[in-house]
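Written below as structure tokens is the structure these notes are about.
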Amino acid sequence: MLDISYIRQNPDEVLAMLHNRQLASEIQKVNELLALDNKRKELVKKSDDLKSLRNQRSKEIAERKKRGDKSFGLELEEIRKIADVEGMELAKVDTDLGQFEEEMENILLALPNKLHASVPTGRSAADNQIYGEPVAFVHDLDFPVKNHLELGKSLSILDFERGAKVSGAGFPAYIGKGARLERALINFMLDMHTERHGYTEVFPPFLVNRESLRGTGQWPKFADQVYHIGEDDLYAIPTAEVPVTNLHRGEMLDTATLPISYAAYSACFRREAGSYGKDTRGFLRVHQFNKVEMVKFTRPEESYAALEEIRSHAEAILVALKIPYRVLLLCSGDISANATKCYDIEVWSPAEQKYLEASSCSNFEDYQARRSNIRFKPDGKSKPEFVHTLNGSGLATSRLMVSLLEHYQTPEGHIKVPELLQRYTGFEEI
RNA sequence: GGAGAGGUGGCCGAGCGGCUGAAGGCAACGGUUUGCUAAACCGUCAUAGUUCUUAUAGGGCUAUCGAGGGUUCGAAUCCCUCCCUCUCCGCCA
């Protein structure tokens, strides 16, 4: 969430940001917010004045009582009457004030983040910039390639039909060597991030409360994408970003511990409401998938360097597995509302003949930290400041698995396990 | 699920109707002392909203002792509801 005083002082910047994000329809909201802010100030003054009167009165009574003032017993009746009237007025002012504040909060929570200067302006995904050079690794696929669905079925390692029977479409089951390969990927990625990239491993809760969802920005805007367990009012995490970032919700972080880097495996659950018909086959779009997520908490001045680090850590996995990929710098019209800057990493699918998103690395600056009140003191004396939070997938296994199966298939329809994964799978071929 | 205990500042911990934004300690910061380090001593040390001024600083007012409501002229303190933590019992992967 943006700082209200920033919006007050730089309304033009906020409007320009909304324009760049192709959210011109939100502009009215900002005007509404500023109007509410002015009304709120009036009411705050009224409320504070009434409270001040009340406090003065109480103080006087306390003093006179202490002195043993006898005449004041009579006066007390008068005071009670006055206090009663003022109390009612105060109650009304506070009720109104509460309403204004709630409306403001709702607008603020729904307002997207700033954009970093390096984010290209654009209308849609078509305007995303390719960042650097696409990275190609040679795989001899000089035969008719099978797609991941065909491979998964013929080798009996992926079972979408039975998964659908158990839960519904989009809940794949991994069987035999497929299950082992999935687990190998997860372990390999976690080991790489913890042993080589310096992350602390976290195994987070998969169900979270609403405050956590709000803290990272999935609530209220993307609430319809999240599975909700009504009976206990808990939400299935759409990404480990939610529980891991919220680990420090409401905390004053010890400055010496910054930057904090966590790597977490989690299953991820997404309703994908409204996305039927687009890339729905097999792993291209699922309701449950596995992902290793990197999360960082940094000092504000270090966050953009940290973003490059996260991106390079995600790339390192693909380089190690020799999977062709490219990096996109998302444009203003395509970047998610919470992020100020975001790289997507896409893996190549030889069967689909296109790139598939496997990672998203984002800086949120203080947008999440303000929502979740995660602060630090730059040095011993100074005032608390919000940290910057970042995260990146490193990586999601579903699209990675598509690309891996397809690239490592043999003319006979088997799968060669990438060398670095073999010590995790315990076998060399499927 | 049942019974009990408890939730106070960056941390620990006192307070149990008005003099408490909150004792004391730790940590932190500034200083004195010191050959250096350590120790000792002195001082400073919450956050947010709002407003004023001789306005890169200072002052006033308001709020905040898990959350929300209530009682009261006045609540960290009394009452109610909820949430969370801990201990014991039951159930259970």
Side-chain angles (χ1 to χ4, degrees), chain A residues 1-9 33-105 108 203 205-215 229-235 243 246-258 260 267 297 299 366 369-387:
Chain A
M1 132 175 108
L2 296 176
D3 186 357
I4 179 71
S5 67
Y6 162 77
I7 300 173
R8 242 185 335 239
Q9 284 159 27
L33 181 71
L34 293 171
L36 281 167
D37 187 43
N38 283 328
K39 288 188 200 158
R40 182 186 130 272
K41 275 188 197 170
E42 281 174 37
L43 288 181
V44 163
K45 175 133 179 49
K46 265 192 205 168
S47 174
D48 282 0
D49 285 350
L50 284 167
K51 283 173 188 159
S52 179
L53 272 177
R54 184 183 67 187
N55 289 345
Q56 271 174 37
R57 193 162 42 231
S58 299
K59 207 175 270 178
E60 205 181 310
I61 291 174
E63 273 164 23
R64 291 173 70 168
K65 228 175 183 173
K66 198 166 70 179
R67 272 192 258 121
D69 193 337
K70 293 193 176 157
S71 64
F72 117 110
L74 286 165
E75 235 177 289
L76 204 56
E77 284 306 312
E78 286 299 307
I79 289 171
R80 284 194 180 119
K81 277 182 200 159
I82 296 168
D84 203 40
V85 172
E86 284 179 5
M88 287 187 354
E89 199 184 338
L90 178 61
K92 192 186 176 310
V93 171
D94 277 349
T95 305
D96 292 347
L97 185 58
Q99 270 170 20
F100 281 122
E101 283 176 342
E102 201 185 317
E103 280 179 56
M104 288 179 66
E105 169 110 338
L108 272 174
F203 204 124
F206 290 4
L207 297 180
V208 297
N209 57 32
R210 190 176 302 170
E211 284 67 45
S212 294
L213 226 45
R214 202 181 61 163
I229 292 148
E231 192 160 5
D232 298 293
D233 201 19
L234 289 169
Y235 299 81
N246 276 281
L247 242 30
H248 293 298
R249 173 152 50 86
E251 291 186 14
M252 182 75 71
L253 298 178
D254 182 352
T255 305
T257 64
L258 295 176
I260 297 172
F297 302 80
R299 292 165 164 267
D366 63 4
R370 179 171 286 108
R371 283 171 171 255
S372 15
N373 195 27
I374 305 171
R375 298 173 299 166
F376 76 109
K377 291 186 180 176
D379 57 79
K381 282 182 90 170
S382 54
K383 287 193 156 198
E385 278 181 44
F386 292 112
V387 297

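The structure presented is a predicted model; accordingly, all values stated were derived computationally and were not measured. Letters A, B, ... are given to chains in the order of the sequence lines, protein chains preceding strands, and every chain is numbered from 1.
Candidate nucleotides B:rC73, B:rU62, B:rU50 were compared by shortest atom distance to the side chain of A:Arg57, and B:rC73 ranks first. Side chain of A:Val44, nearest nucleotide from B:rG49, B:rC61, B:rC73: B:rG49. Distances were taken from every side-chain heavy atom of A:Pro384 (C-beta onward) to each of B:rU47, B:rC61, B:rC73; the shortest belongs to B:rU47. Nearest nucleotide to the A:Ala83 side chain, out of B:rG10, B:rC73, B:rG49: B:rC73. Listed nucleotides B:rU72, B:rG49, B:rU62 differ in distance to A:Arg80; the shortest reach to its side chain belongs to B:rU72.
Looking at which nucleotide of RNA chain B each of A:Lys383 and A:Leu53 is closest to, the 5′-most match is held by A:Lys383. Residues A:Arg8 and A:Arg54 each lie close to RNA chain B; by heavy-atom proximity, the contact nearer the 5' end of the strand is made by A:Arg8.
Among all heavy-atom pairs drawn from A:Met104 and A:Leu33, the shortest one is O-CD1, 3.7 Å.
Distance A:Arg210 CZ to B:rC84 P: 14 Å, rounded to the nearest Å. Rounded to whole Å, atom P of B:rU47 lies 8 Å from atom CZ of A:Arg375. As a whole-Å value, the separation of A:Ile61 CD1 from B:rC73 C1' is 4 Å. Note: CE (A:Met252) to P (B:rU47) measures 7 Å, nearest angstrom. To the nearest angstrom, P of B:rA48 lies 16 Å from NZ of A:Lys41. Rounding to whole angstrom units, CG of residue A:Asp49 and C1' of B:rA63 are separated by 14 Å. Distance CD (A:Glu385) to C1' (B:rU47): 15 Å, rounded to an integer number of Å. A straight line from CG of A:Asp48 to P of B:rU64 spans 11 Å, rounded to a whole angstrom.
Between A:Glu77 and A:Arg80 there is a salt bridge, since at least one side-chain N of the basic residue sits less than 4.0 Å from a carboxylate O of the acidic one. Ion pair A:Arg40/A:Asp37 flagged as a salt bridge, since at least one NZ, NE, NH1 or NH2 atom sits closer than 4.0 Å to an Asp/Glu carboxylate oxygen. Under a 4.0 Å N-O distance rule, the pair A:Arg214/A:Glu105 qualifies as a salt bridge.
Between the side chain of A:Asn55 and the base of B:rG74 there is no donor-acceptor pair of N/O atoms closer than 3.5 Å. Judged by atom type and distance alone, A:Lys65 reaches the base of B:rG18 through a side-chain donor-acceptor pair under 3.5 Å.
When atom types are taken as modelled, the side chain of A:Thr255 and the backbone of A:Lys377 share a donor-acceptor pair closer than 3.5 angstrom. Under the 3.5 Å distance criterion, the side-chain polar atoms of A:Ser52 are left unmatched by any main-chain donor or acceptor of A:Asp48.
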### Message
Under the criterion side chain to side chain contact (heavy atoms under 4.5 Å, CB included), I'd like the reasoning laid out for A:Arg57 against A:Ile82: C-alpha separation, chi angles, the key distance, then a yes or no.
### Response
CA-CA 10 Å; A:Arg57 193 162 42 231; A:Ile82 296 168; 3.8 Å; yes
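With pairs defined as Watson-Crick or G-U wobble and both atom distances under 3.5 Å, the stems of at least three pairs that touch RNA chain B come out as B:1-7 with B:83-89, B:10-12 with B:24-26, B:28-32 with B:40-44, B:46-53 with B:57-64, B:66-70 with B:78-82.
Across B:rC65 and B:rU8, the matching C1' atoms stand 4 Å from one another, rounded to whole Å. Remark: the separation of the C1' atoms in B:rG10 and B:rC86 is 23 Å, to the nearest Å. Taking atom P on both nucleotides, B:rC42 is separated from B:rG59 by 25 Å, rounded to a whole Å.
Taken to the nearest 0.5 Å, the CZ atom of A:Phe386 stands 9.5 Å off from the CD1 atom of A:Ile374.
Residue contacts for A:Arg249: at a heavy-atom cut-off of 4.0 Å it reaches no nucleic acid atom on any strand shown. Using a 4.0 Å heavy-atom cutoff across all strands shown, A:Lys59 reaches no nucleic acid atom at all. At the heavy-atom level, A:Lys45 lies nowhere under 4.0 Å from the strands shown.
In this structure, A:Val208 and A:Asn246 have side chains that are not in contact, with every pair of non-hydrogen atoms separated by 4.5 Å or more.
Distances shorter than 4.0 Å separate some side-chain N or O of A:Ser52 from OP1 or OP2 on B:rU62.
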